[in-house]
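What follows is a short report on a single structure.
For ligands, and for the atoms within them, numbers begin at 1 and follow the listed sequence.
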Amino acid sequence: MAQRFVVHYSEVALKGNNRPEFVRALRKNINRSLSGLGHTITYTEGRFVVDAEGTADDVSGRLSSVFGVSWFAPVSDVPQDYAKILEAALGSASGAKGSTFKIAPRRTDKSFPLSSQELASKLGAEVAKSTGLSVDLSEPDLTIHVDVVKGRALIYTDRSKGPGGLPLGTAGRTVHLFSGGIDSPVAAWLMMKRGTRPVYLHFYLAPTPRSAIESKITKLVKVLARYGGRSTLVLVPFAEYQLATAGVPPELEPSLFRRFMRMTAEALAPRFGASAISTGDSLSQAASQTLWNMASFDEGSSLPVLRPLLTYDKEEIVALARRIGTYDLSLEEYKDCCAIITRHPRTRLKGAVVSEYAGKFGFADLVWKSVDGATLVAYDPKGDALKAAPLSDSIPKAAATPPPSA
Ligand code: ATP
Ligand code: MG
């Protein structure tokens with residue numbers, strides 16, 4: 001059955017001269033989210049009107065995962081004619097729960113003969129008379145919105161919240177350090193919410209990538225692909241690193257490994273056109289995430305390191321993880337490489353010390369050795385297809401890639 005929805009954006013509207021570009025990107029992303037359903041999208045005065053074949057739940061579910069959408073609602077779309085507007089308003093009030101209502105008019109087409117105020121009182125009186133509901137302007141059980149736009153009127157009652165933010169793809173790419181814990185999937189979602197596309201980078205402990213491919217890591221990528229569409233995951237083996245750094249003082253281990261992760265992300269960034277690194281770090285959540293250790297993580301990086309969860313409490317992160325749909329998967333059993341690293345690192349390790357060890361263990365070469373053994377997993381939600389191949393098959397090492405700095 002065809003459903004008609006009105007879809008609104010918020011922050012996109014603030015974009016000044018760049019607004020058309022953001023609106024185009026949003027339209028493309030709404031289009032992509034509805035793919036497979038017969039649908040059309042039209043744009044009118046700052047909102048989209050979407051017609052889609054499918055159940056209301058299916059269409060709503062899809063719209064609620066498009067970044068940039070502020071809210072949406074099933075809509076009656078009628079000609080600019082008072083009798084038709086009344087009929088639609090009565091239709092939306094019929095079967096309504098509760099006993100009170102209000103009319104919320106918005107008239108962007110000033111040529112409509114009734115002012116917003118006149119429309120509200122006229123419609124309000126007739127809806128009250130026909131339905132037996134009474135008007136309550138402060139806390140109504142039902143709000144009937146009437147938007148009078150050019151040539152038509154849009155009537156709707158149930159607004160659903162979209163994820164907000166900005167359209168995916170309008171803010172470049174990041175290489176996103178992805179662990180399978182609770183935090184890094186949420187951090188990826190927040191990066192997408194601001195328009196970036198993450199390339200997921202995961203370091204795995206097992207002897208082959210198979211167990212990572214079959215683990216919660218790819219399942220989490222699939223959940224995030226509901227929001228991000230086609231996704232790329234790079235699986236880098238931990239083995240080379242483990243061999244090369246045997247004998248490192250245990251209290252340095254976490255910071256040193258984290259520096260290695262950063263350098264690997266930096267090395268891969270040009271191949272994916274990424275201009276920043278992102279992580280699920282939250283300030284002082286763990287000893288490896290103190291301000292001092294974050295500074296030593298970043299020292300010498302040619303790319304900015306973005307930490308969308310920096311100021312979030314764990315409870316806030318968990319609430320978001322539940323909303324996104326990653327929480328239960330994040331709790332699944334999985335042996336991460338961090339599990340074999342000491343839990344008691346130094347909290348104020350100087351960047352220079354980390355750099356010294358990184359030099360001693362030959363990180364610049366080690367990064368490439370590890371990347372040579374990496375696997376690229378491409379996930380396309382359209383066909384639910386997961387393809388894994390050696391990274392070197394799909395993306396050749398760019399000759400111009402500079403060696404990462406320690
Ligand atoms: P949680 O804290 O809920 O276990 P997390 O994803 O934050 O999950 P941490 O151990 O806190 O895990 O690690 C901090 C950050 O370091 C992660 O958010 C992630 O960005 C990065 N990270 C940790 N382990 C890995 C890994 N195996 N591969 C890639 N990135 C990782
Ligand atoms: Mg964490």
| message | I'd like the name of whichever of D281, L201, D336 reaches closest to atom 15 (C) of ligand 1 through any heavy atom. | response | D281
| remark: atom 28 (N) of ligand 1 sits nearest the protein heavy atom F203 N, 3.1 Å
| Less than 3.5 Å between some nitrogen or oxygen of S184 and one of ligand 1, yes or no? | yes
| message | Quick check: H202 with Y334 (ring centres under 6.0 Å apart)? | response | yes
| field | S278-ligand 1 polar pair, N/O distance under 3.5 Å | value | no
| Going by distance only, is there an N or O of G180 that falls short of 3.5 Å from an N or O of ligand 1? | no
| task | Around atom 2 (O) of ligand 1, find the nearest protein heavy atom and jot down its residue, atom name and distance. | result | D183 OD2, 2.8 Å
| query | Is it true that F72 and F48 have ring centroids separated by less than 6.0 Å? | reply | no
| request: Any atoms of ligand 1 less than 4.0 Å from a non-hydrogen atom of Q285? List them with their elements. | output: 2 (O), 11 (O)
| task | Give the atoms of ligand 1, by number and element, whose distance to some non-hydrogen atom of T279 is under 4.0 Å. | result | 20 (O)
| task | Without swapping roles, check the side chain of D313 against the backbone of E316 for a donor-acceptor pair under 3.5 Å. | result | no
| query | Looking at Y9 versus F22, is the centre-to-centre ring distance below 6.0 Å? | reply | no
| Strictly by modelled atom types, are Q285 and D183 linked by a side-chain donor-acceptor pair under 3.5 Å? | yes
| Y327 ring centre to R322 NZ or CZ under 6.0 Å, with the angle to the axis within 45°? | yes
| query | Can you name the N, O or S atom of D183 that is closest to the Mg ion (ligand 2)? | reply | OD2
| message | Can you confirm whether the side chains of H8 and S70 place a donor and an acceptor under 3.5 Å from each other? | response | no
| query | What protein heavy atom sits nearest atom 4 (O) of ligand 1, and how far away is it? | reply | G181 CA, 3.9 Å
| query | Counting heavy atoms only, which of I182, V175, L177 comes nearest to atom 21 (C) of ligand 1? | reply | L177
| field | Candidate with minimal heavy-atom separation from atom 31 (C) of ligand 1, of Q289, M261, R258, H202 | value | M261
| task | May I ask you to check if any N/O/S atom from Q285 comes under 2.8 Å of the Mg ion (ligand 2)? | result | yes
| task | Say whether H176 and ligand 1 are in contact under the criterion: heavy-atom distance to a ligand atom below 4.0 Å. | result | no
| Which residue and heavy atom of the protein sit nearest atom 25 (C) of ligand 1, plus the separation | S179 CB, 3.5 Å
| query | Counting both backbone and side chain atoms, is some N or O of F178 under 3.5 Å from an N or O of ligand 1? | reply | yes
| query | Under 3.5 Å, is there a donor-acceptor pair between the side chain of R47 and the main chain of E45? | reply | yes
| message | Just checking Y156 against H145, ring centres under 6.0 Å apart? | response | yes
| request: Check step by step if ring-ring contact (aromatic ring centres under 6.0 Å, His included) holds for Y241 and F363. | output: CA-CA 9 Å; Y241 175 89; F363 273 18; 5.8 Å; yes
| message | Counting backbone and side-chain atoms alike, is an N, O or S atom of D281 positioned under 2.8 Å from the Mg ion (ligand 2)? | response | no
| request: Under 4.0 Å, heavy atoms only, figure out whether ligand 1 is touched by the backbone of K314, its side chain, both or neither. | output: side chain
| field | Between D384 and Y379, a side-chain donor and acceptor under 3.5 Å | value | yes
